[in-house]
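Lettering of chains follows the sequences in order, A, B, ..., and the numbering in each one begins at 1. Bear in mind the structure is a predicted one, so any value in this text is a computation, not a measurement. These numbers come from the heavy atoms of this one structure, side chains and all, not from hydrogens, waters or symmetry mates.
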Amino acid sequence: MAEDTLFSEVLDPANRADPYPIYARLRENPVAPQRDGSVVVSSHAAIRSLIFDPRLSSEDLPPSHRPRTGNPLKDWLLNPIKDRIATAHRPLIFRDPPDHDTLRHAVMRAFSVARVEALRQRIVRDVDALIDACVGRDEVCLVEDLSYPLPVSVICDLLGVPEADEPRFQAWATQLATALEPDARHDEASRHRTVAAFDAISGYMRALIREKRRRPTADMLSALAAPGPDGKAVMGDFDLISTAILLLVAGHETTVNLITNGMLTLLRHPQELERLRADPERAPRVIEELLRYEPPVHFRTRKALGAIAVAGRIIPKGAPVILLFAAANRDPARFDDPDRFDPDREDNQHFGFGGGLHYCMGAPLARIEAEIALVALCRRLVAPGLMADPPPYRPGASLRGPERLGIRISGIAPG
Amino acid sequence: MSAAEAGIVVVGASLAGLRGAEALRRHGYAGRLTLVGDEPHRPYDRPPLSKHVLSGELAPDATVLPERAALDAQWRLGHAAVALDRDAKAIRLADGSVLAYERLLIATGAQARPWPAASGGALAGIFTLRGRDDAARLRTALAGGPARVLIVGAGLIGCEAASCCRDLGLPVTLVDPNPTPLARSLGTWVGGVIADCLRDAGVTFHAGAQVLRFAGDASGRVARAHLADGGAVEADLVIVALGATRATDWLSGAGLMADAGGVTCDGACRVLGADGTPCPDIYAAGDVARWPNPLYGGRLMSVEHWGNAVAQAAHAARNMLAPSEDQQAYHHLPAFWSSQFGINIKAVGLSAGAGADAVAIVQGSRASRRFLAVYGRAGRSIAAVSFDQARWLPAYAEAVAAGQPFPPIRDASDQGGFLAMAPGFPPPRAAPTPIEAHHG
């Protein structure tokens, strides 16, 4: 296949299980213009330079055919992703400074280390309960049994969503996550399902925010909904709703992939699984290497507001720029023997959480969840083995991870 | 002990000394390694001393630097080096002991410029802030609830201290000869933003004022400062924040090119003898080292910043172990950070030191106190500073290092029009060269 259509190979579901050979070909030309006008950036040095460049905008292309339904939230979702720039109510991952900074600052203040650490004990209990529920079986379906229910339950707790409502959130989050994939804009039916999910979740959130204002509790949504020190709202209602939805979707879908990719990788490297079982102190190293080796988010798209010189090429003004984080994570110019899974690697500066202005806000929470889940799985699953390798993957090329992960076991050790 | 058995001696057990020693081990040096420090403490980190330590959020002894590699070193702490004998290849310590070396790394850093005793500097209640013990003493005194704190010098340390004192609810007066704070490091145009912060925080700022002397009460405690304009400031606690002088006194008889401005090195961090020839066995790094920086046309400079201590020490260590035909020149783009009045300030490049003639806000706004400003000289970008906008700074650092046009980046996401202003640097205090880049 030609150089200038390599990225369409990345999007091809046939390559989902192992996109890394395509990434290696892309890296031969680390700033690679594609036939559709986009530019794929795949080397560590070029991405490192670009994530700090203020000429890369997250507000995407100006609208050509913007829908007008009368509801700005619905408009935003009906818009093809590339056309969402001028719509008024965007979550902060689709916004630039100064608005982005104001919103991010408000979220980060509420998303404190103390708040994340306070979740630790409950995550431990959740993980144990989810594994306990598998006792007596000779196989575990990791996604269904643990990777999927855990993060949604944690993020609901963090936000302050009542436990009884959690199942509804699972369905909404799954549908909304599809909107982040480049392919989603081509599929009319899926877009309408997304809008329906968005309508439902934003209606729910609006009511919940009203409730949190009336009777504030210790959760994050109450903190975000409360007036700031000057008595004024920290963010407007639309921003509050879109932020809550962002936290739900981003905090959920990505962590599912981190845990599932993590266990898949450990099962493919049984000696590392054994070492983690014997020494849970290795968990932070294992998680960082997983974030490099099999990151939950493979790429994000930005737009060049001006011509940018990088790695000896010029990205033209207006071009969509695809930052292929997962390819940079395997760049041999930055990492020795990059295709080897090696938790003992030093100086592991990966892009597993992106980087720059939009660096993942939930990174500390994701690390804790993955650490607790993987350590518990390694300790408790007796003689685990993969039932299918590669496993079936979900459609997303960016938020990439297995759809199912069957693990054969000979028993479950007590927690 | 023969010189070879004596191994490498590192004089100075702070950031540069520690990171230099670690780099020696990392580059495979397996011989004897000795670190000499004048303070009794293991290496600790200085930036928190004027911030979290003063405000009480961090205990002074919680600043110990992590040792990132097993050093397997001899520690000679609590006794300063007082003399260097190059012929004998030995140094003498304050306790009279003599330490032989095969190769020497000088990383003695700098010391706070004290207030002269003749003008009241010996009164109780007058502090400088450089080391961990200084910070502990000052913290205790601030916790005692002084009636008014007077800070002399509105540089980075003075402003950080003022910010901490206001956080503690203490009345503060800040005195500086320039029209705004941070005038020497950032110029009066950017410094004006900090002047606004001072005002909002309730600091009394005397711009263009100079303290002549301090007067004490009957018990020998400071009571007031007399200013050059005839006025006086009542204060029972004074912080003198007038910068630092390089710790080179101990080298006075050693026949090296060393003075209060530093010890002069060649491009590879080898110390120069008085005749200008490099000593093959003596290197210097960190605040104390003055070297020709190729990024600035080989002008001699010493850089008093945290990042330089780390990078230069590692570079010197590498050269110490390399043969004479493989001595690499040390390139460094100065960079520093500060936090004060809730604002995170980060800067790269040399502004005043390299003769900046223009400054422009290229992103954000002065009014919001969240912005990125670039300094230019003759149409080239030479430095950049960010106020609460640090994530964009690396892009400007690349542009500054490459000497791109001023301003280097157009079409940024939150950019209005540019208006180039005069940066407003005060005239230099002394001869323009060599350059000193202050603060870490």
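With values rounded to the nearest 0.5 angstrom, A:Asp101 atom CG is found 5.0 Å from B:Gln389 atom CD. Rounding to the nearest 0.5 Å places CG of A:Asp53 at 8.0 Å from OH of B:Tyr396. In this structure, the separation between CZ on B:Arg410 and NZ on A:Lys317 is 11.5 Å, given to the nearest 0.5 Å. Distance check, rounded to the nearest 0.5 Å: CZ of A:Arg104 to CZ of B:Arg391 gives 5.0 Å. Distance check: A:Ile308 CD1 to B:Asp411 CG gives 8.5 Å after rounding to the nearest 0.5 Å. A distance of 6.5 Å separates OG1 of A:Thr102 from CZ of B:Arg370, quoted to the nearest 0.5 Å.
Residue A:Leu305 comes nearest to B:Ser413 through the heavy atom pair CD1-CA, 3.4 Å, listed as atom of the first residue, atom of the second, then distance. When all heavy atoms of A:Phe52 and B:Trp392 are compared, the pair lying nearest together is O-CE3, 3.4 Å.
A:Ser49 is listed as a side-chain neighbour of B:Glu398, based on a closest heavy-atom distance under 4.5 Å.
Around atom CG of B:Asp72, no more than 12 heavy atoms belonging to other residues, nucleotides or ligands sit under 6.0 Å away. A:Arg115 CZ: more than 12 foreign heavy atoms inside a 6.0 Å radius. With a 6.0 Å radius and a threshold of 12 heavy atoms from other residues, nucleotides or ligands, A:Arg285 has its CZ atom above the threshold. Atom CG of A:Asp336 sits in a sparse spot, with 12 or fewer heavy atoms from other residues, nucleotides or ligands closer than 6.0 Å.
No part of A:Leu50 comes within reach of chain B, as not one of its non-hydrogen atoms sits under 4.5 angstrom from that chain.
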